[in-house]
K.L.:
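Have a look at this one.
Numbers here are sequence positions counted from 1. One-based numbering, in listed order, for ligands and for the atoms of each.
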Amino acid sequence: MTLTGLSIAEARAGLDARDFSAVELVQAHVDAAAALNPRLNAFITLTPELALAQAAGADAALGDGSAGPLAGIPLGIKDLFCTKGVRTTAGSRILDDFVPPYESTVTANLLRDGAVFLGKTNLDEFAMGSSNMTSAFGPVENPWKRAGDPGAVLVPGGSSGGSAAAVAARIAMGATGTDTGGSIRQPAALCGLAGIKPTYGRCSRWGVVAFASSLDHPGAFARTVQDSAMLLQSMAGFDPRDSTSVDRPVPDYAAACRRGVRGLRIGVPREYRADGMPEEVDRLWRQGLDWLRAAGATIVDVSLPHTRYGLATYYIVAPAEASSNLARYDGVRFGHREPGHDLTELYEHTRAAGFGEEVKRRILIGTYVLSAGYYDAYYLRAQKVRTLILHDFDQVFAEVDALLTPTTPNAAFAQGEKMDDPVAMYLNDVFTVPANMAGVPAMSVPAGLDGQGLPLGLQVIGRSWDEETVFAVAQVIEDAAGFSVLPALRAGVVR
Ligand code: GLN
């Protein structure tokens, strides 16, 4: 049996049956990381000794009956989650030697449930990007290859590109991510994975390096819908240390996956038909609707008229919040410091050397839209449009139970493509950003391949707090799609 090929649910069953130990399971993944990470660059920091020590702890817990639901399961942790005693960089030079003295709530929840951490995964700097090309620690290679052009190095998407590449390549069984405008769903789609962004307030942001606080959502990647449900189950829950965390019971997500869609009404938003969207993306979308219809759902055409302003609004609100959040990186109390003759020069030198180009671009945009003369014209107006986007969702969810759309307008692209045109890069998020603006749960599920053999995802969007329906719909798509093709680069196959 190849231990790296198992799903989380299968591995957990195998551990319970004593088919293998947690140490054996984790060792197989540590070996996969050693073989593949030098090429893929999916992890910024690997912690094999820590992982094996955690695995030994999981074996002890399995032995005495105290094992948690994720005991012994090896995961990748996006390097935006603070991990006590383990370097946390946010993909930035400005935090290149930052070792947090505390653990984020989400990672603490996973540890409570017995999960094993393999290390910290690569990401776009401060989670700003859609390709992982902006990381100060270098780009990540997508383990998938174009059938006709296996030499081309493709991006895994971003910003959680290292998490997605690690799970796709069978180095990790699952991973954490954060999604501010699409950073879980877009890389999940480009790497052939399930990726869930829950409702805003469901997973604590405490200890997660902030990008845009009103849009940041911790969430999970896995290779199956069921596995992503198991991870979210552990990560979610009220946290008094995050003032936007909401005190509601976390439902049984794994059970929700088996509910089916009979009797559900699924909306098809007509605005999600991007100009120049490839016919194969449109075809897969129709195929997804057919699968849901065949499983007993009713398909309804709906309209979300303010979707067309989603991207423009996002690229005002997100940089505005980022410019404020990133003001704390001044070289004084923690992180990178460049000397200067006085305090102002110390700030200037530190921030000039510590931040990369994309981060500087966002700080400039954010400072501009918040400045006295432009605040009303940009920031305030964007906030009003955000409310209209939210109202669109409220209205359609009075009529339907969930929405189905493509996750991205295209499959994985090559490293270097779209790099000289920030707006072309921003267009990656055209289908994912509205769910962040509204805070509603959304997930990407692998549904098929494009003409070049690359994965494409479909997105399920649900009502606030109703991740259960999202999982139920996604499970029906996963079952119907029977997505079984494996990426070219994976554990056991290194070229
Ligand atoms: N690509 C988007 C951006 O660059 C979203 C990133 C994210 O979700 N963290 O802002």
Side-chain angles (χ1 to χ4, degrees), residues 78-81 89-92 121-135 139-140 155-164 175-191 195-198 200 203 205 208-221 310-326 355-366 369 382 386 407-410 412-413 417-419 421-444 457 459:
K78 186 179 186 179
D79 207 13
L80 204 62
F81 290 81
T89 68
S92 182
T121 59
N122 207 338
L123 68 157
D124 281 299
E125 186 175 1
F126 281 103
M128 297 173 187
S130 306
S131 64
N132 223 295
M133 296 298 288
T134 77
S135 169
V140 174
V155 303
S159 64
S160 317
S163 286
T176 64
T178 60
D179 190 314
T180 303
S183 279
I184 291 174
R185 290 160 288 156
Q186 186 253 13
L190 270 46
C191 291
I196 173 87
K197 175 198 89 65
Y200 186 77
C203 283
R205 290 180 298 106
V208 182
V209 176
F211 165 8
S213 306
S214 78
L215 297 159
D216 294 345
H217 297 66
F221 289 94
L311 211 53
T313 315
Y314 173 84
Y315 276 100
I316 293 172
V317 175
E321 293 187 19
S323 69
S324 163
N325 274 328
L326 270 57
F355 291 137
E357 294 304 308
E358 184 61 30
V359 173
K360 287 178 188 163
R361 181 173 9 249
R362 306 286 177 110
I363 293 173
L364 286 170
I365 295 171
V369 300
R386 182 175 185 179
T407 308
T408 56
N410 46 261
F413 46 96
E417 267 172 43
K418 304 181 201 265
M419 287 307 289
D421 181 357
V423 175
M425 190 64 90
Y426 296 171
L427 274 171
N428 267 286
D429 307 319
V430 63
F431 298 146
T432 47
V433 148
N436 297 74
M437 300 302 275
V440 293
M443 103 173 271
S444 182
Q459 175 177 232

K.L.:
Below 4.0 angstrom from a heavy atom of Ser159, which ligand 1 atoms are there? Numbered from 1 as shown, please.
P.N.:
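Selected atoms, number and element: 9 (N).
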K.L.:
With side chain to side chain contact (heavy atoms under 4.5 Å, CB included) as the test, would you mind laying out the steps for Tyr426 and Tyr314 before giving the verdict?
P.N.:
CA-CA 10 Å; Tyr426 296 171; Tyr314 173 84; over 6 Å; no
K.L.:
For ligand 1, which part of Ser183 has a heavy atom less than 4.0 Å away: the side chain, the backbone, both, or neither?
P.N.:
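Both of them.
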K.L.:
Please list, in number order, the atoms of ligand 1 under 4.0 Å from a heavy atom of Phe211.
P.N.:
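Reading through ligand 1 atom by atom, the close ones are 9 (N), 10 (O).
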K.L.:
What part of Tyr426 sits under 4.0 Å from ligand 1 if we count only heavy atoms: the side chain, the backbone, both or neither?
P.N.:
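Neither; no heavy atom under 4.0 Å.
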K.L.:
Polar-atom distance check: Met128 versus ligand 1, any N or O pair below 3.5 Å?
P.N.:
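No.
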K.L.:
Testing Lys197, His217, Arg185 one by one against Asp179 for a side-chain hydrogen bond (donor to acceptor under 3.5 Å, both in side chains), which residue passes?
P.N.:
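That would be Arg185; it is the only one of Lys197, His217, Arg185 passing the side-chain hydrogen bond (donor to acceptor under 3.5 Å, both in side chains) with Asp179.
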K.L.:
Does Ala318 have a heavy atom less than 4.0 Å from any atom of ligand 1?
P.N.:
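No; Ala318 lies far enough from ligand 1 that no heavy-atom distance drops under 4.0 Å.
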K.L.:
Nearest protein heavy-atom contact for atom 2 (C) of ligand 1: which residue, which atom, what distance?
P.N.:
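Going atom by atom, the protein heavy atom closest to atom 2 (C) of ligand 1 ends up being Asp429 OD2, 3.0 Å.
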K.L.:
Does Ala127 reach ligand 1 with a nitrogen or oxygen that is under 3.5 Å from one of the ligand's nitrogen or oxygen atoms?
P.N.:
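Right, the criterion is met.
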K.L.:
So, does Gln459 use its side chain to make a donor-acceptor pair with the main chain of Phe431 at under 3.5 Å?
P.N.:
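Yes, because the side chain of Gln459 sits within donor-acceptor range (under 3.5 Å) of the backbone of Phe431.
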K.L.:
Side chains of Asp79 and Thr89: donor-acceptor distance under 3.5 Å anywhere?
P.N.:
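Yes - a donor-acceptor pair under 3.5 Å links their side chains.
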K.L.:
Do Ser160 and Lys78 have side-chain atoms, one donor and one acceptor, less than 3.5 Å apart?
P.N.:
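Short answer, yes.
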K.L.:
Quick test of your reading of the model: are Arg361 and Glu357 salt-bridged, counting only N-O distances below 4.0 Å?
P.N.:
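No, this pair does not count.
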K.L.:
Considering heavy atoms of the protein only, find what lies nearest to atom 3 (C) of ligand 1 and give residue, atom and distance to 0.1 Å.
P.N.:
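Going by distance alone, atom 3 (C) of ligand 1 is nearest to Tyr315 OH, 3.2 Å.
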K.L.:
When you look for heavy atoms under 4.0 Å from ligand 1, do you find them on the side chain of Phe126, its backbone, both, or neither?
P.N.:
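It is neither; nothing of Phe126 touches ligand 1.
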K.L.:
Go through the steps to decide whether Arg362 and Tyr315 satisfy the test side chain to side chain contact (heavy atoms under 4.5 Å, CB included), and finish with yes or no.
P.N.:
CA-CA 9 Å; Arg362 306 286 177 110; Tyr315 276 100; 3.6 Å; yes
K.L.:
Which one holds for Thr180 and ligand 1: side chain close, backbone close, both close, or neither close, with close meaning a heavy atom under 4.0 Å?
P.N.:
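Both backbone and side chain.
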K.L.:
Before you tell me yes or no, could you show the steps for Ser92 and Glu125 under side chain to side chain donor-acceptor pair (under 3.5 Å), namely the whole-Å CA-CA distance, both residues' side-chain angles and the distance that decides it to 0.1 Å?
P.N.:
CA-CA 5 Å; Ser92 182; Glu125 186 175 1; 2.7 Å; yes
K.L.:
Any heavy atom of Tyr314 closer to ligand 1 than 4.0 angstrom?
P.N.:
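Yes, Tyr314 has heavy atoms under 4.0 Å from ligand 1.
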K.L.:
Where on Arg362 is there a heavy atom closer than 4.0 Å to ligand 1, on the side chain, on the backbone, on both, or on neither?
P.N.:
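The answer is the side chain.
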K.L.:
Any luck finding a side-chain donor-acceptor pair between Thr134 and Asp124 under 3.5 Å?
P.N.:
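Distance-only check passes for Thr134 and Asp124.
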